[in-house]
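Every chain is numbered from 1, with letters handed out A, B, ... down the list of sequences. What you see is a predicted model, and the numbers here were worked out from it, not measured in a lab.
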2 protein chains.
Amino acid sequence: MALTAKGRATRQRIVEGAAAHLRSDDPAGVTLDDIRAITGTSKGQIFHYFPDGKEELFLAVARYEADRVLDDQQPHLGALTSWPAWERWRDSVVARYRAQGRSCPLGALMSQVGSTPGATEVVSTLVGQWEAHIRLGIAEMQAAGLVRAGVDAGRTAAAFIAGIQGGVQLLRTTGSVGHLEAALDTLIDHLRG
Amino acid sequence: MALTAKGRATRQRIVEGAAAHLRSDDPAGVTLDDIRAITGTSKGQIFHYFPDGKEELFLAVARYEADRVLDDQQPHLGALTSWPAWERWRDSVVARYRAQGRSCPLGALMSQVGSTPGATEVVSTLVGQWEAHIRLGIAEMQAAGLVRAGVDAGRTAAAFIAGIQGGVQLLRTTGSVGHLEAALDTLIDHLRG
DNA sequence: CGTTTTCTGGACTGGATGGTCCACTGTGGT
DNA sequence: ACCACAGTGGACCATCCAGTCCAGAAAACG
């Protein structure tokens with residue numbers, strides 16, 4: 001499928017419009033007609049750019065959102081080399097999800113697109129990269145002598161990921177960032193020893 | 001609505017059948033007809049016992065599953081008074097979710113019944129009780145001098161909940177209990193100081 | 001230009017599904 | 001025996017929605 005400049009623009013418009021709508025509305029009830037209306041396109045266009053229909057479109061949106069997740073944590077996430085840096089990162093994560101409120105773009109998509117191979121691949125990639133950044137940060141802190149050598153960097157990084165995911169999920173259902181903050185603070189305390 | 005013994009039995013059969021089906025199958029695609037077929041009932045019965053239809057039924061299933069969550073962790077969760085007790089609890093949680101595999105009864109329900117007031121209430125109640133048990137366990141360990149007094153029991157309990165939730169969620173998408181184990185082990189290590 | 005390909009619009013379809021309705025049956029109380 | 005009401009079965013309805021199809025506009029390209 002060769003896309004002209006116009007075609008690429010339209011495709012992008014569909015993805016971004018769908019992403020915006022999925023952020024604000026209950027994902028379970030989002031229909032192709034909603035997206036069509038919001039993006040000012042037609043059924044023909046949607047299936048022209050996403051021949052496999054809804055699933056392919058939602059997957060494209062998921063990829064789009066996944067890219068945003070790590071970008072939003074930069075530059076902090078890429079340079080976890082001092083305690084103030086960790087605190088800034090912590091604050092940026094909390095701020096991001098507090099702003100996002102109850103809606104969770106990726107969580108929403110996942111509950112829709114469910115357990116298709118493509119969907120798990122998107123999440124796995126994201127989680128893997130995220131975790132790698134944290135693991136590297138812990139290792140750097142250890143190299144600098146700021147964190148005990150006895151700490152298992154890989155396992156602790158995994159705990160961070162789990163804590164963040166759970167914190168965000170609880171934010172979705174309770175509306176409070178309390179659990180997210182508790183998880184991050186407790187784990188950072190753990191690193192501090 | 002007065003229920004006779006027969007009525008109560010039928011209602012229960014519907015709830016349990018629906019729960020079993022929601023555990024095994026992709027929750028997004030479960031229909032009332034599926035449940036009807038599995039439980040050997042008719043549309044009339046379903047709407048007789050759950051006048052508000054699908055939502056009311058799914059909420060009843062959610063309550064049913066929520067009760068199971070804490071029960072399955074007993075007696076360990078109720079007596080976190082020594083390190084071996086904490087380990088046994090940890091193992092029971094990991095075992096439970098490992099056995100459950102990729103399916104998460106409550107997570108499934110939540111992504112369906114979404115953000116209705118009833119649904120959030122079920123989750124909030126469950127989370128609250130769960131967290132209270134852990135908080136109590138930490139406090140008892142502190143009283144016994146096994147955990148530093150400086151640890152914030154409430155915050156750490158919240159971190160446990162977040163870590164478990166996130167670990168389970170990652171289990172759902174990656175199929176591995178690694179994150180769940182990492183979260184539990186890291187937080188228990190933190191308690192050990 | 002002319003033609004080939006991409007882009008766009010929207011009518012239409014097919015099937016799924018939540019929910020309604022009503023007739024019939026069983027059961028418990030008096 | 002009767003009657004009121006709970007329980008049951010399943011036909012039927014209304015709607016929604018992903019996906020199809022095709023005709024026509026607009027680019028790209030020679």
Side-chain angles (χ1 to χ4, degrees), chain A residues 1-19 21-22 25-62 108-116 118-119, chain B residues 1-19 21-22 25-62 108-116 118-119:
Chain A
M1 189 169 62
L3 291 185
T4 67
K6 192 179 179 186
R8 251 171 288 134
T10 301
R11 196 195 133 103
Q12 188 66 8
R13 182 156 45 96
I14 294 174
V15 170
E16 288 177 6
H21 189 49
L22 283 165
D25 232 317
D26 183 19
V30 172
T31 73
L32 289 186
D33 258 0
D34 292 337
I35 294 169
R36 190 191 51 66
I38 284 176
T39 60
T41 51
S42 65
K43 272 284 181 61
Q45 294 177 62
I46 292 182
F47 281 87
H48 181 65
Y49 296 108
F50 306 93
D52 284 345
K54 201 180 192 186
E55 187 173 316
E56 188 178 353
L57 169 56
F58 275 33
L59 206 53
V61 174
L109 269 325
M110 284 310 113
S111 68
Q112 281 297 296
V113 89
S115 45
T116 63
Chain B
M1 188 169 63
L3 291 184
T4 67
K6 192 179 180 187
R8 251 171 286 134
T10 302
R11 197 194 132 103
Q12 188 66 7
R13 182 156 45 95
I14 294 174
V15 171
E16 288 177 6
H21 190 48
L22 283 165
D25 233 317
D26 184 18
V30 172
T31 74
L32 289 185
D33 258 0
D34 292 338
I35 294 170
R36 190 192 50 67
I38 285 176
T39 60
T41 51
S42 65
K43 273 282 182 64
Q45 295 178 67
I46 291 182
F47 281 86
H48 181 65
Y49 295 108
F50 305 93
D52 285 345
K54 200 180 193 187
E55 187 174 316
E56 188 178 352
L57 169 56
F58 274 35
L59 205 53
V61 174
L109 269 324
M110 285 309 114
S111 67
Q112 281 298 295
V113 88
S115 45
T116 62

Check: A:Lys6 near the nucleic acid: base, sugar-phosphate alone, or nothing, with a heavy-atom cut-off under 4.0 Å?
Finding: sugar-phosphate
Margin query: Can you tell me if A:Gln45 touches the phosphate of C:dT8, counting only side-chain N or O atoms and a distance under 4.0 Å to OP1 or OP2?
Written below: yes
Item checked: Length of the CD1-P vector between B:Ile46 and D:dG7, whole Å -> 15 Å
Notebook entry, point to check: Can you tell me how far C1' of C:dT8 sits from CZ of A:Arg36, to the nearest Å?
Noted result: 13 Å
Notebook entry, point to check: Do A:Lys43 side-chain and C:dG9 base share a donor-acceptor contact under 3.5 Å?
Noted result: no
Item checked: Nucleotide C:dG18, atom C1' - distance to CZ of B:Phe50 in whole Å -> 15 Å
Note to self: Once rounded to the nearest 0.5 Å, what's the spacing between atom NE2 of B:His48 and atom OG1 of B:Thr10?
What the structure shows: 9.0 Å
Checklist line | Euclidean distance, atom CZ of residue A:Phe47 to atom P of C:dG9 [Å, nearest integer] | finding: 16 Å
Item checked: Interatomic spacing from CZ in B:Phe58 to CG in B:Leu22 - rounded to 0.5 Å -> 5.0 Å
Checklist line | Side-chain N,O (A:Tyr49) to OP1/OP2 (C:dT6) below 4.0 Å | finding: no
Checklist line | Closest listed nucleotide, where the reference is the side chain of A:Ser42 and the choices are C:dT8, C:dG18, D:dG9 | finding: C:dT8
Checklist line | Candidate nucleotides C:dG18, D:dA28, D:dC17, ranked by approach to the side chain of A:Thr4 - the nearest | finding: D:dA28
Notebook entry, point to check: Between CZ of A:Phe50 and CD1 of A:Ile14, what distance do you get to the nearest 0.5 Å?
Noted result: 5.5 Å
Note to self: Would you compute the distance between atom CG of A:Asp52 and atom CG of A:Leu59 and round it to the nearest 0.5 angstrom?
What the structure shows: 10.0 Å
Margin query: Can you tell me if B:Glu56 has over 12 outside heavy atoms packed within less than 6.0 Å of its CD?
Written below: yes
Notebook entry, point to check: At under 4.0 Å between heavy atoms, what does A:Gly7 touch on the DNA or RNA strands: base, sugar-phosphate, or nothing?
Noted result: sugar-phosphate
Check: Given atom CD1 of A:Ile14 and atom C1' of C:dG9, what is their separation to the nearest angstrom?
Finding: 13 Å
Check: Counting only side-chain N and O atoms of B:Thr10, is one of them less than 4.0 Å from OP1 or OP2 of D:dT8?
Finding: yes
Note to self: From CD1 of A:Ile35 over to P of C:dG10, roughly how many Å is that when rounded to an integer?
What the structure shows: 18 Å
Check: Between atom NZ in B:Lys54 and atom P in C:dG19, what is the gap in whole Å?
Finding: 8 Å
Notebook entry, point to check: Base, sugar-phosphate alone, or nothing: which one does B:Gly44 contact when heavy atoms must sit under 4.0 Å apart?
Noted result: base
Margin query: Please pick, from C:dT17, D:dG7, D:dG19, the nucleotide with the shortest atom-to-atom distance to any side-chain atom of B:Leu3.
Written below: D:dG7
Check: Given atom CG of A:Leu32 and atom P of C:dG14, what is their separation to the nearest angstrom?
Finding: 19 Å
